[in-house]
Protein chains: 2
Amino acid sequence: MTDWRPVRRTRTFEDVLAQIERRIAEDGLTAGDRLPAERSLAEQLGVSRSSVREAMRVLETLGVVSSQVGRGPDAGAVLTSRPDTALTDLLRLHLGLASLELREVIDTRLMIERWAATRAATAGADTSGLAAALAGMDAARSAEEFVEHDTAFHCALADASGNRLISAIMRSLRDTMRRYSVEAVTRLGDTSVLRADHERILAAVQAGDAEEAATAVAEHLAHAYPSLS
Amino acid sequence: MTDWRPVRRTRTFEDVLAQIERRIAEDGLTAGDRLPAERSLAEQLGVSRSSVREAMRVLETLGVVSSQVGRGPDAGAVLTSRPDTALTDLLRLHLGLASLELREVIDTRLMIERWAATRAATAGADTSGLAAALAGMDAARSAEEFVEHDTAFHCALADASGNRLISAIMRSLRDTMRRYSVEAVTRLGDTSVLRADHERILAAVQAGDAEEAATAVAEHLAHAYPSLS
DNA sequence: GATTCGATATGGTCTGACCATATTGTGGTC
DNA sequence: GACCACAATATGGTCAGACCATATCGAATC
């Protein structure tokens, strides 16, 4: 009974993962670089191709590689940087499992937007993306199209914070909420309130008024999702 | 040349994923429930076991299932809810790929902590977890141990916000930063400043002073990571 | 009733094969 | 020499079947 350890023997594909991660770190690989082919990697590491493939699935799920079939410079496993798609999958599944609620997602979004608006206002960020999205909202002829440009506006705001992690979280939150946003806009009917909110946010950011920007964002979300305030 | 579509044929394991996700939604499965065995699932869906296994790797990576070998009620693929481990893997890999920088991680942490402190203060949250972590920090005899309890303090603060998504992000951020935190504490030498910060945060939360809590958290992070302020 | 030990269900791994796809090389044609 | 058709090839995607390790279950035994 002594010397018992609750460890789980590391599976082969986990070992492969560790090796790949090590290689990424040691060789300083970044997005765009290619990984060896599956068969080659399997031979190098002395494991079966199945194990390499399972490791690839993990890396692909985490938005770190993208596999392309065929031949040539673009084929094979290429390192990418798609944290947002990974986060989107994560949120969707955990919402489905009821281990997360929509309320928490929207709450998180409010946190990020307030932060981003504050940052953008104080940093005097470039607001061309925001203005473009605003124009797109004017031209929208359906709830789906409106939400599309609305999303672009808010993602541009997150991008303006200059923090890629926060941008990625924001994008995935919006992707996750897309369906609910369309519902909310449809239910709302008149989108002029939302348009006015966006103009107010943009004006505050351009004026460098962080406090006003944060307040405007919070009120905007309250308008868009009145049931959750 | 006409009729070209940039779609990628959906791979078999992606179809398996969709089927499992559908089943989760339709049957209302939640954490703790079991999925059919791999062989059984493969037969039901008319695919090979390899494809089922690749789908399982994805679900496991996203913190949605946990596979146990053996036989009995606990064996097989069990639905779980571990978004934080998935997020930790995601952050670690993207940091390694240089598609994220530590600065952005700490910045995000500041955002969350300010938010959580504000929430905890205004909501009059239970502070027993915070006090316990504070006591643990007093008893710490190494930088590692100190960071361990420091992490517990900040995670307890996030938990107090009542938002599981924010808690999960907080935990993964801390997990990702563990190594750097230990370095930072070691370099700092004297931890009394950090202890005092924590006491100040705790007091502000207990007093329900949101503004003071947010300020205290921000200054605390500035103390802990002076190079990034 | 308790113990022992084989049967069994489950995930983990491997091998080897075949398919689909996309590029590359090659040879013929003009 | 330029161009085009087509075979060769490298790559990921899938499958079938086997074997192993592990953990429980169950029946025979004490």
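Quantities reported herein were computed from a predicted structural model and do not represent experimental measurements. Note on naming: letters A, B, ... go to the chains in the order of the sequence lines (proteins, then strands), and numbering restarts at 1 for each one.
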ask   = Counting only N and O atoms by type, is there a donor-acceptor contact under 3.5 Å from the side chain of Asp27(B) to the main-chain atoms of Ile24(B)?
value = no
inquiry  = Here's a test of your reading of the structure: between Arg57(B) and Gly70(A), which maps to the more 5' nucleotide of DNA chain C?
reply    = Arg57(B)
task = Report the C-alpha distance between Arg174(B) and Ser181(B) in whole Å, list the side-chain angles of each, state the deciding distance to 0.1 Å, and finish with yes or no for side-chain contact (heavy atoms from CB on, under 4.5 Å).
result = CA-CA 9 Å; Arg174(B) 287 308 306 239; Ser181(B) 296; 3.7 Å; yes
[X] has an atom [atom1]; how far is it from atom [atom2] of [N], in whole Å?
{"X": "Arg11(A)", "N": "dT22(D)", "atom1": "CZ", "atom2": "C1'", "answer": "14 Å"}
{"X": "Gln68(B)", "N": "dT24(D)", "atom1": "CD", "atom2": "C1'", "answer": "13 Å"}
{"X": "Asp74(A)", "N": "dT21(C)", "atom1": "CG", "atom2": "P", "answer": "18 Å"}
{"X": "Glu60(A)", "N": "dG12(D)", "atom1": "CD", "atom2": "C1'", "answer": "10 Å"}
{"X": "Arg53(B)", "N": "dC15(D)", "atom1": "CZ", "atom2": "C1'", "answer": "15 Å"}

task = Please tell me which of Arg49(B) and Glu54(B) maps to the more 5' nucleotide of DNA chain D, matching each residue to the nucleotide holding its nearest heavy atom.
result = Glu54(B)
request  = Would you kindly check whether a donor in the side chain of Arg71(B) faces an acceptor in the base of dT8(C), or vice versa, at under 3.5 angstrom?
outcome  = yes
message = Heavy-atom count check: over 12 atoms from other residues, nucleotides or ligands less than 6.0 Å from Arg34(B) CZ?
response = yes
Shortest side-chain distance from Ser48(B), nucleotide among dC15(D), dT21(C), dT10(C) = dC15(D)
task = Measure from the side-chain heavy atoms of Ser50(A) and tell me the nearest of dT15(C), dT13(C), dG12(D).
result = dT15(C)
ask   = Does any non-hydrogen side-chain atom of Leu165(A) lie less than 4.5 Å from one of Ile169(A)?
value = yes
ask   = Residues from residues 30-46 of chain B sitting under 4.0 Å of DNA chain C, heavy atoms only?
value = Ala37(B), Glu38(B), Arg39(B)
query = Charged N to carboxylate O below 4.0 Å: is that the case for Arg92(A) and Glu21(B)?
reply = yes
task = Please work out whether the ring planes of His220(A) and His154(A) are parallel, tilted or perpendicular, with thresholds of 30° and 60°.
result = parallel
